[in-house]
Amino acid sequence: GGHMHGHAEAGHAEHAEPAKPGPAADNAAACARLRAAELPASYERLDSQRIRLLNWNAEKHLHDLFHSDLINVVSDADLILLQESSADEGHLEQNTPFHWSFAPGYVRNGVATGVMTASHVQPVESCRLSSIEPWLGSPKATSIARYGLSDTDETLMVINTHLINFTLGVSAIRGQLQDALQYADRHNGPVIFAGDLNTWNGRRARIVDESLRGVGLKPVRFRRDVRTRIFGKPVDHIYVRGLEAVSADTYNLATSDHNPMDAVLRMKSS
């Protein structure tokens, strides 16, 4: 399926040549299984009344203080969504009791960076998608995972993504969004969709917001909004469906060009 690669609208000038078939196709198959998979007889569950989510574009961990900052802010988080994270998280795995799921995107000098989703509980399922950045030809990754929830048979779907950045038109972004959102659309349960959505102009911001609202996802508002802005627009977002924010905040940190977002979420009673 060429569609899975985000080329839903072919023929636009900003398209690079189609992604080579390969891992992404297998990932699409894994993501299709993700939805159909039977829940195991027993599985770990997040507390459906209190899920602490941290979302942060880690700027490829360039800064020395990054790891101590991360350890400080994550100690109490149930779910951590990183973008521009490197696969080399060994030191973190030793220091934190998390299950890590990495979706590689860009590789430079042999080091892959991408999106990383970490959780205290083992995901029931996870998979990843990849879309090709039209100008740079570098992939942008999306990670999708499902987690058990207390007091319900529904599962929480968590989509962690880094949206395509350098493109003149918006069809590549729309394709990447559609690729990920088809899973949210069909998921019977709460959804978190978060990440660096590169919404640095009005047109991009509109398409992202309309696409997400189209499948029932609504943006979390922050008590103190010091999200990183580019051309005056915040680029990092948390959208939710079937959940409400008990609290949500952002922090000023020097260790990344992005500031982290922190939200405590609970499942809405149906």
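Only heavy atoms go into these numbers, but all of them, side chains included; no hydrogens, no water, no symmetry mates. What you see is a predicted model; the values in this text were computed from it and never measured. Positions are given from 1 along the sequence.
Remark: Arg45 pairs with no residue by the salt bridge (Lys or Arg N to Asp or Glu O under 4.0 Å) rule, at least two apart or across chains. Considering only residues two or more places apart in sequence or on other chains, Arg206 meets the side-chain hydrogen bond (donor to acceptor under 3.5 Å, both in side chains) condition with none of them. With sequence neighbours excluded, no residue satisfies salt bridge (Lys or Arg N to Asp or Glu O under 4.0 Å) with Asp47. Arg213 meets the side-chain contact (heavy atoms from CB on, under 4.5 Å) test with Asp209, Lys218, Pro219, Arg221; sequence neighbours excluded. With sequence neighbours left out, Ala194 forms a side-chain contact (heavy atoms from CB on, under 4.5 Å) with Asn55, Leu81, Ile192, Ile238. By the side-chain contact (heavy atoms from CB on, under 4.5 Å) test, Ser48 is found to be paired with Leu149, Ser150, Asp151, Met267, residues two or more places apart in sequence or in another chain being considered. Every side-chain hydrogen bond (donor to acceptor under 3.5 Å, both in side chains) that Thr155 has, sequence neighbours left out, goes to Arg146. A search for salt bridge (Lys or Arg N to Asp or Glu O under 4.0 Å) contacts involving Asp249 returns Arg223, Arg224, not counting sequence neighbours. Among residues two or more places apart in sequence or in another chain, the salt bridge (Lys or Arg N to Asp or Glu O under 4.0 Å) test is passed with Arg50 by Asp76. Every side-chain contact (heavy atoms from CB on, under 4.5 Å) that Glu44 has, sequence neighbours left out, goes to His99, Val121, Gln122.
Contact check for Thr117 versus Tyr147: side-chain heavy atoms found under the 4.5 Å cut-off.
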Stepwise, does the side-chain contact (heavy atoms from CB on, under 4.5 Å) test hold for Val115 with Thr161?
CA-CA 7 Å; Val115 298; Thr161 192; 5.7 Å; no
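For the atom pair CG (Leu212) and CG (Leu197), the distance works out to 7.0 Å, reported to the nearest 0.5 Å.
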